[in-house]
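Let me begin by presenting the structure, written as structure tokens, before commenting on it.
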Amino acid sequence: MSTYLPPTRNHSPYLPFGDQRGAPFYGKDILSVKQFSKSDLDYIFGVAHEMSEMVSRVGTFDLLKGKILANLFYEPSTRTSSSFTSAMERLGGSVIPINEVRYSSVSKGESLADTVRTLECYADVIVLRHPEVGASAQAARYARKPIINAGDGVGEHPTQALLDLFTIVEELNQVDGLTVTLLGDLKYGRTVHSLARLLSLYNVRINYISPDILRMPAEIVAELDEKGIPQAAYNTLDEVLPETDVLYVTRVQKERFEDLNEYEQVRGAYVISAETLLAARERMIVMHPLPRVGEISMDVDEDPRAAYFRQMEYGLYVRMALLAMVLGKA
Ligand code: NCD
């Protein structure tokens, strides 16, 4: 599991905008949700909300004109990669896309450190997705420019958790007092690791629903325990669905299994259908980081409680906010 520490350095001496040094995230890495306080979240969500208004009013604007993002992805991605690209371009900046490291010098054996050192010569910020826990923290040790963790193996996915929480705030207008049920692959799913940690800043109740072999890691349960968060684990959804305000569904992470027979035993363990939701509250939301591979059937899509497509759009605004913040413009 993730053992890395919150960012220790402020990279601002290497960036030219002296007048923005007071901005709280200027020059900082985004490596783990552990680095955020509740007031940081209020700030980020305020900026993200403004971004959504700007996008609906003018679409694209020049806040980051002339800035360059390197999108470095060692693992597949559709939403994270393209939403960071869209975020940068909607802010007037541009993107170096390295979505297929097979075609970069990584395939010649170049180390992560050297790849990052290279890209920061050309870019102002680096978004990194990598299969190893702690890879972003490692990259940040070598980089002078901000590194944004876009998923480090089974570790964390902090920008996803921020957009997940922003979705909850925008959709339900509150976090305190909610019951959040995390369902599916809680062992390998990095999004639920980050989201559970972020939720622990609030007064929430968390339910875990998973097959026994895919339980939430003990380390995270212990962290939340220490913060006094009520948590309970179940094998089935029935018991907790009627009290659930946020049902957060995840994909079983096939690529993380060493033994594919084990995967076969747990795939399809849970399927949310329109019928499942008959037992749910009228005012609740169903979320999923996506991609879904059968955990939510398509007959749920038309239900107003299905928030997973809106969730993707909220992700654009949160990533616009984060880019503007680390580049000293918010
Ligand atoms: C998630 C991821 O990559 O961890 N996807 C995403 O970023 N939206 C979830 C997943 O792949 O299941």
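Whatever order the structure lists them in is the order used to number ligands and atoms, beginning at 1.
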Checklist entry - In the hydrophobic clustering that connects Ile, Leu, Val, Met, Phe, Trp and Tyr at side-chain heavy-atom distances below 4.5 Å, which members other than Val271 occupy its cluster, ordered by chain and number? => result none
Item to check | Distance-only donor-acceptor check, side chains Tyr314 and Glu171, under 3.5 Å | outcome: yes
Checklist entry - Using the ring of each side chain (for Trp, its six-membered ring), is Phe166 parallel, tilted or perpendicular to His49, with breaks at 30° and 60°? => result perpendicular
Checklist entry - How would you list, by chain and number, the residues with a heavy atom under 4.0 angstrom from ligand 1? => result Thr80, Arg129, His157, Gln160, Arg190, Thr191, Arg251, Gln253, Pro289, Leu290, Pro291
Checklist entry - Which class fits the ring pair Tyr263 and Phe257: parallel under 30°, tilted 30 to 60°, perpendicular over 60°? => result perpendicular
Checklist entry - Mind checking what makes side chain to side chain donor-acceptor pair (under 3.5 Å) contact with Ser86, not counting sequence neighbours? => result none
Checklist entry - Leu290: which other cluster members, linking ILVMFWY side chains closer than 4.5 Å, directly or transitively? => result Leu183, Ile209, Tyr234, Leu237, Val240, Leu241, Leu247, Val249, Tyr270, Ile272, Leu277, Met284, Val286, Ile296, Val300, Tyr308, Phe309, Met312
